[in-house]
Undergrad: 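Sending over a structure as C-alpha cells; questions will come in a sec.
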Amino acid sequence: ENLQTGFNKCATFTMESFKGKYVRVHVENLDQILEALGVNFILRKAATMFPASMEVSEKDGTWTILTKTATRKMEMSFRIGEEFDFTTVDGREVSARVTFEHNKVICVHRAKKDGQKSTMSVREFKNGELIYTIMIEGMDLVSVQKFQRV
C-alpha cells in the first residue's frame, strides 16, 4: 500500500464526521461575496433571506455536498484530492479540488475564464456547529455561515 492510498483512507475515515444534514442558523457577508462574484440582486437576496440546508454524504469514496435554498440547489460530487470540472451556482466554469486538512474540508475553485474570480471555501466544526467560510482570491472579503446538524 503506497502513501497516497494510506492518505486517502485516512482522509475518508476522518471525513466521516461531516456526513449528515444541516440547517443554516447564521450568515454574514454572503450578499457581499455574491455581489463580488456578479450574482444579480434577486438571487443574492434569495440566497441570504431564505432558509438554507446542507447535506454531506459519501458512496464508494465519492463525496457529495448538496446545498439548497428555496430557489436554488447546488450539488458538488468529488473524490478527496482529485481535480474535477465544476460549474458554480453563480455560473463560473472552474477547475476544483477538495482536500481534507487539519479537520477542515477545503475546496478551491480556480476560474477557467479570464476575468472571472477564483474562490476557496472551508468547512469545519467549531463548538458543535459546521462553519462554512467563503473567500475570493485577491480580496479581503470573507463570508461566514453557520450550520447546525439536524
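Predicted model only: the values in this text are computed from it and were never measured.
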Undergrad: Could I get the full list of salt bridge (Lys or Arg N to Asp or Glu O under 4.0 Å) partners for E83, not counting sequence neighbours?
TA: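 Only R97 meet the salt bridge (Lys or Arg N to Asp or Glu O under 4.0 Å) criterion with E83.
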
Undergrad: With sequence neighbours excluded, what pairs up with S118 under the side chain to side chain donor-acceptor pair (under 3.5 Å) test?
TA: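 With sequence neighbours excluded, S118 shows a side chain to side chain donor-acceptor pair (under 3.5 Å) to no residue whatsoever.
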
Undergrad: By salt bridge (Lys or Arg N to Asp or Glu O under 4.0 Å), which residues pair with D85, not counting sequence neighbours?
TA: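 In terms of salt bridge (Lys or Arg N to Asp or Glu O under 4.0 Å), with neighbours along the sequence ignored, D85 is linked to K112.
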
Undergrad: For a side-chain contact (heavy atoms from CB on, under 4.5 Å) check, start with the C-alpha distance between V122 and M120, then their side-chain angles and the critical distance, and finish with the verdict.
TA: CA-CA 7 Å; V122 177; M120 181 173 81; 4.2 Å; yes

Undergrad: May I ask you to check whether over 12 heavy atoms, not counting those of K45, lie within 6.0 Å of atom NZ?
TA: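 Atom NZ in K45 is crowded, with more than 12 foreign heavy atoms closer than 6.0 Å.
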
Undergrad: Applying side chain to side chain donor-acceptor pair (under 3.5 Å), can you list everything that pairs with R72, at least two apart in sequence or on another chain?
TA: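 Side chain to side chain donor-acceptor pair (under 3.5 Å) list for R72, sorted by chain: empty.
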
Undergrad: So which residues get pulled into F50's cluster when ILVMFWY side chains under 4.5 Å apart are joined, directly or through others?
TA: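 Result for F50 is none, singleton.
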
Undergrad: Run the side-chain donor-acceptor check on residues 34-44: report pairs under 3.5 Å with partners two or more places apart or on a different chain.
TA:
unit_1	atom_1	unit_2	atom_2	d
N40	OD1	I42	N	3.1
N40	OD1	L43	N	2.9
R44	NE	D31	OD1	3.1
R44	NH1	V39	O	3.0

Undergrad: Considering residues at least two apart in sequence or located in another chain, which fulfil the salt bridge (Lys or Arg N to Asp or Glu O under 4.0 Å) criterion with R79?
TA: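 By the salt bridge (Lys or Arg N to Asp or Glu O under 4.0 Å) rule, R79 matches E82.
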
Undergrad: Determine whether L66 and M74 satisfy the following criterion, side-chain contact (heavy atoms from CB on, under 4.5 Å), listing intermediate values before the conclusion.
TA: CA-CA 6 Å; L66 174 64; M74 183 194 76; over 6 Å; no

Undergrad: With sequence neighbours excluded, give me every salt bridge (Lys or Arg N to Asp or Glu O under 4.0 Å) pair touching residues 18-27.
TA: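 Output for this query lists E16-K19, K19-E58.
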
Undergrad: Under the ring pair (Phe, Tyr, Trp, His ring centres under 6.0 Å) rule, what pairs show up with a residue in residues 107-130, not counting sequence neighbours?
TA: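 For residues 107-130, and leaving out neighbouring residues, the ring pair (Phe, Tyr, Trp, His ring centres under 6.0 Å) pairs sorted by first residue read F18-F125, F86-H109.
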
Undergrad: Could you tell me which residues satisfy side chain to side chain donor-acceptor pair (under 3.5 Å) with E93, sequence neighbours excluded, listed by chain and number?
TA: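 Partners of E93 under the side chain to side chain donor-acceptor pair (under 3.5 Å) test: T87.
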
Undergrad: Any side-chain heavy-atom pair from M15 and I80 closer than 4.5 angstrom?
TA: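 Side-chain contact under 4.5 Å: yes.
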
Undergrad: Under the side chain to side chain donor-acceptor pair (under 3.5 Å) rule, collect the residues that match up with S57, sequence neighbours excluded.
TA: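 Listed in chain order: nothing, the list is empty.
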
Undergrad: Tell me which donor-acceptor pairs under 3.5 Å the side chains of residues 129-142 have, and how far apart each pair is, sequence neighbours excluded?
TA:
unit_1	atom_1	unit_2	atom_2	d
Y132	OH	R123	NH2	3.4
E137	OE2	R110	NH1	2.4

